[in-house]
Amino acid sequence: MALDQDIFLAVASQEPEKLILHNTDTKFEKFECDFENISISLDPSGPKWHQYFMCGVKGIMDILDQSQKNQIKGLLVLVHGTVPQSAGLSSSSALVSAAALATAHAFGLSLTKEKLADLCASCERYIGTQGGGMDQAIAFLAKEGCAKLIEFEPLRSTEVKLPQGAVFVVAHSLSKMNKAATADFNCRVVECRLAAQILSKKLGLDWTKIKRLGDLQSKLNLDLDEMIALAKQHLKETTYSKDEIIRALETNAVELESISLTPNTKDIQNFKLFPRAYHVFNEAKRVAEFYKTCQNHGGGESALVTLGSLMRQSHESLRDLYECSHEQLDKIVELSKDFTLGTRLTGAGWGGCTVSLVAPDKVEDFLEHMRENFYKPMGVSDNFDMVLFKTAPQGGACIFIEKEL
Ligand code: ADP
Ligand code: MG
């Protein structure tokens with residue numbers, strides 16, 4: 001679901017053909033470049049804010065034909081964002097998606113929301129993270145008042161009516177994590193890829209064509225329990241060294257690096273495959289279960305209890321099998337136990353936020369408990385709303401047009 005917080009852009013087209021970016025937050029410096037030279041060069045020190053914007057611009061530029069490119073005008077942009085940054089609430093995708101939508105509009109392109117979401121999922125990867133597409137999908141497809149089940153290839157979304165009395169509370173762990181600045185995020189993507197490729201090889205398939213566990217599942221046409229059984233049968237639970245993987249795939253380091261690894265994961269020597277795959281398949285089962293529970297029950301307390309329990313299991317799996325939690329996230333989960341139906345980390349992890357499912361009559365007590373027992377001891381004494389807030393599903397991206405004065 002989309003949150004209340006957003007990225008808001010004020011955009012004017014202008015001569016000459018320059019992209020000029022300002023930000024209302026002074027920690028983000030003004031940036032300027034020629035439209036001709038939109039390129040995103042990755043620096044080991046981590047990405048710059050304007051490069052996320054340029055991902056969105058480049059995503060649109062990539063699909064323009066020459067005559068459309070000839071009509072390029074400059075863009076003067078002021079960015080104002082209220083999505084907490086590097087907190088697992090996808091401020092990066094909000095910025096990339098807003099940039100792409102504004103650029104498409106400036107060039108008179110009319111694209112479906114699905115096309116925009118797909119394009120933004122791809123072009124955010126220019127920043128160096130091998131992300132999926134959920135965040136960009138919800139940025140465009142979100143509908144006020146309902147959650148969405150998002151599926152891929154082709155991208156589609158189904159409305160999910162949450163049971164009555166479902167309140168979601170987001171809590172920031174006060175630990176930030178920029179996903180493009182470290183290898184952790186891509187390492188998990190690569191571990192899942194290697195798990196899929198080793199399983200493919202064992203089953204006599206062309207492993208070089210398989211990039212994701214989901215690709216393998218579609219190819220084999222198996223359900224999630226059958227995939228779990230395959231993973232148990234063919235993957236060892238302990239760590240694989242890079243050499244072991246090379247031997248199992250009958251390949252060499254150069255080929256492995258080009259087919260399976262990313263620039264920031266090519267020096268990693270040890271990979272865990274079974275726990276990652278086991279988490280992914282079970283998490284997919286929990287998503288299906290969550291959807292089914294919402295459909296079957298519509299409302300009612302028992303549905304809320306089931307959903308909360310799925311969220312709790314999800315966090316435990318993210319913490320123990322996918323290993324992307326953080327001690328402060330785990331602390332929030334612990335502190336939440338007596339007040340919420342379930343709490344899990346949200347977003348990529350390694351810091352950022354948790355989301356809790358809370359019964360309406362427990363919300364105030366939970367907020368108070370968190371202020372007293374988590375935030376105050378961590379030195380937060382006011383502006384609690386910035387780090388701890390109740391939320392409900394909001395609408396997706398839109399364009400406001402200012403009439404000529
Ligand atoms: P998340 O998507 O979880 O918030 P990421 O690490 O993926 O975290 O992306 C965060 C980065 O996105 C920030 O470091 C910044 O570069 C960029 N960003 C997000 N919001 C804004 C904003 N309002 N203004 C400028 N840059 C922003
Ligand atoms: Mg992000």
Side-chain angles (χ1 to χ4, degrees), residues 1-11 19-32 40-59 75 77-102 117 120-140 142 170-189 262 264 318 324-326 328-329 344-355 386-387 389 391 397:
M1 61 192 230
L3 305 178
D4 253 331
Q5 291 87 338
D6 52 20
I7 298 272
F8 204 82
L9 307 180
V11 186
L19 174 67
I20 303 178
L21 302 176
H22 294 268
N23 201 304
T24 53
D25 183 336
T26 50
K27 81 168 179 273
F28 297 117
E29 280 175 22
K30 179 189 168 190
F31 173 78
E32 183 172 328
I40 299 127
S41 53
L42 300 174
D43 185 310
S45 68
K48 305 271 186 313
W49 80 274
H50 64 257
Q51 292 181 310
Y52 289 88
F53 197 99
M54 288 162 84
C55 286
V57 176
K58 186 163 161 48
L75 288 181
V77 184
L78 176 64
V79 178
H80 176 70
T82 54
V83 185
Q85 291 145 26
S86 300
L89 303 179
S90 225
S91 67
S92 61
S93 306
L95 184 53
V96 171
S97 302
L101 180 60
C120 289
S122 304
C123 68
E124 186 167 339
R125 295 191 192 116
Y126 287 130
I127 212 72
T129 43
Q130 293 281 307
M134 277 204 302
D135 302 342
Q136 299 84 354
I138 201 65
F140 288 106
V170 174
H172 199 309
S173 68
L174 304 181
S175 173
K176 288 190 170 189
M177 159 81 172
N178 182 291
K179 267 63 72 181
T182 75
D184 295 318
F185 181 85
N186 279 356
C187 179
R188 291 297 175 276
V189 178
T262 63
N264 65 353
L318 287 159
C324 67
S325 190
H326 182 279
Q328 276 160 237
L329 290 167
R344 71 185 289 270
L345 69 84
T346 188
W350 289 281
C353 294
T354 59
V355 58
M386 302 295 287
V387 288
F389 52 88
T391 189

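Since the structure is predicted, the reported quantities are computational estimates derived from the model, not experimental observations. Heavy atoms only: backbone and side chains are in, while hydrogens, waters and symmetry mates are out. Whatever order the structure lists them in is the order used to number ligands and atoms, beginning at 1.
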Subject >> Contact partition for Ala87 relative to ligand 1, non-hydrogen atoms under 4.0 Å >> reply: backbone

**OP:** State, yes or no, whether a side-chain contact exists between Leu19 and His50 at a heavy-atom distance under 4.5 Å.
**Re:** no

Subject >> Proximity to ligand 1 by part of His80, non-hydrogen separation under 4.0 Å >> reply: neither

Original post:
Is it the side chain (CB and beyond), the backbone, both or neither of Ile7 that lies under 4.0 Å from ligand 1, heavy atoms counted?
Top reply: side chain

Original post:
What residue and heavy atom of the protein are closest to atom 25 (C) of ligand 1, and at what distance?
Top reply: Asn23 ND2, 3.1 Å

Original post:
Heavy atoms, side chains only, cut-off 4.5 Å: are Leu101 and Phe140 in contact?
Top reply: yes

Original post:
Would Ser90 count as a contact of ligand 1 if the rule is a heavy atom under 4.0 Å away?
Top reply: yes

Original post:
With a cut-off of 4.0 Å, which atoms of ligand 1 are near a heavy atom of Asn178?
Top reply: 6 (O), 10 (C), 11 (C), 14 (O)

**OP:** Considering heavy atoms of the protein only, find what lies nearest to atom 9 (O) of ligand 1 and give residue, atom and distance to 0.1 Å.
**Re:** Ser92 CB, 3.3 Å

Original post:
Within 45° of the six-membered ring axis of Tyr126 and under 6.0 Å from that ring's centre, is NZ or CZ of Lys58 located there?
Top reply: yes

Original post:
What are the atoms of ligand 1, with element, lying closer than 4.0 Å to any heavy atom of Met177?
Top reply: 6 (O)

Subject >> 4.0 Å heavy-atom contact, Gly46 with ligand 1 >> reply: no

Original post:
Would one find more than 12 heavy atoms of other residues, nucleotides or ligands at under 6.0 Å from atom CD of Glu29?
Top reply: no

Original post:
So, Ser93 and the Mg ion (ligand 2): N/O/S under 2.8 Å, yes or no?
Top reply: no

Subject >> Closest to atom 18 (N) of ligand 1 (judged by heavy-atom distance), picking from Thr182, Val83, Leu95 >> reply: Leu95

Original post:
Does Ser41 offer a backbone N or O that forms a donor-acceptor pair with the side chain of Gln51 under 3.5 Å?
Top reply: yes

**OP:** Verify, without hydrogens or angle tests, whether Asn178 (side chain) and Ser86 (backbone) share a donor-acceptor contact under 3.5 angstrom.
**Re:** no

Original post:
What heavy-atom pair brings Cys123 and Val96 nearest, and what distance separates the two atoms?
Top reply: SG-CG1, 3.9 Å

Subject >> Top protein contact for atom 19 (C) of ligand 1, by heavy-atom distance >> reply: Ser91 OG, 3.1 Å

Original post:
Among protein heavy atoms, which sits nearest to atom 23 (N) of ligand 1, and what does the distance come to when rounded to 0.1 Å?
Top reply: Gly81 CA, 3.4 Å

Subject >> Where ligand 1 meets Pro84 - atom numbers and elements under 4.0 angstrom, heavy-atom basis >> reply: 4 (O)

Subject >> CA sep, side-chain torsions, deciding dist, call: Arg344, Leu318, side chain to side chain contact (heavy atoms under 4.5 Å, CB included) >> reply: CA-CA 9 Å; Arg344 71 185 289 270; Leu318 287 159; 3.3 Å; yes

Original post:
Under 4.5 Å between any side-chain heavy atoms of Ser173 and Leu329, yes or no?
Top reply: yes

Original post:
Taking the non-hydrogen atoms of Ser86, is any one of them nearer than 4.0 angstrom to ligand 1?
Top reply: yes

Original post:
How about Met177: does its CE atom have over 12 heavy atoms from other parts shown lying under 6.0 Å from it?
Top reply: yes

Subject >> Nearest-neighbour protein heavy atom for atom 22 (C) of ligand 1, which is reported as residue plus atom name and distance >> reply: Gln85 NE2, 3.7 Å

Original post:
Counting heavy atoms only, which of Trp49, Tyr52, Phe8 comes nearest to atom 12 (O) of ligand 1?
Top reply: Tyr52

Original post:
Which protein heavy atom lies closest to atom 3 (O) of ligand 1, and at what distance to 0.1 Å?
Top reply: Lys179 NZ, 2.7 Å

Original post:
Less than 4.5 Å apart, any side-chain heavy atom of Asn23 and any of Trp49?
Top reply: yes

Original post:
Are the side chains of Val170 and Thr346 in touch, meaning some heavy atoms are under 4.5 Å apart?
Top reply: no

Original post:
What part of Ala181, side chain, backbone, both or neither, has a heavy atom within less than 4.0 angstrom of ligand 1?
Top reply: neither

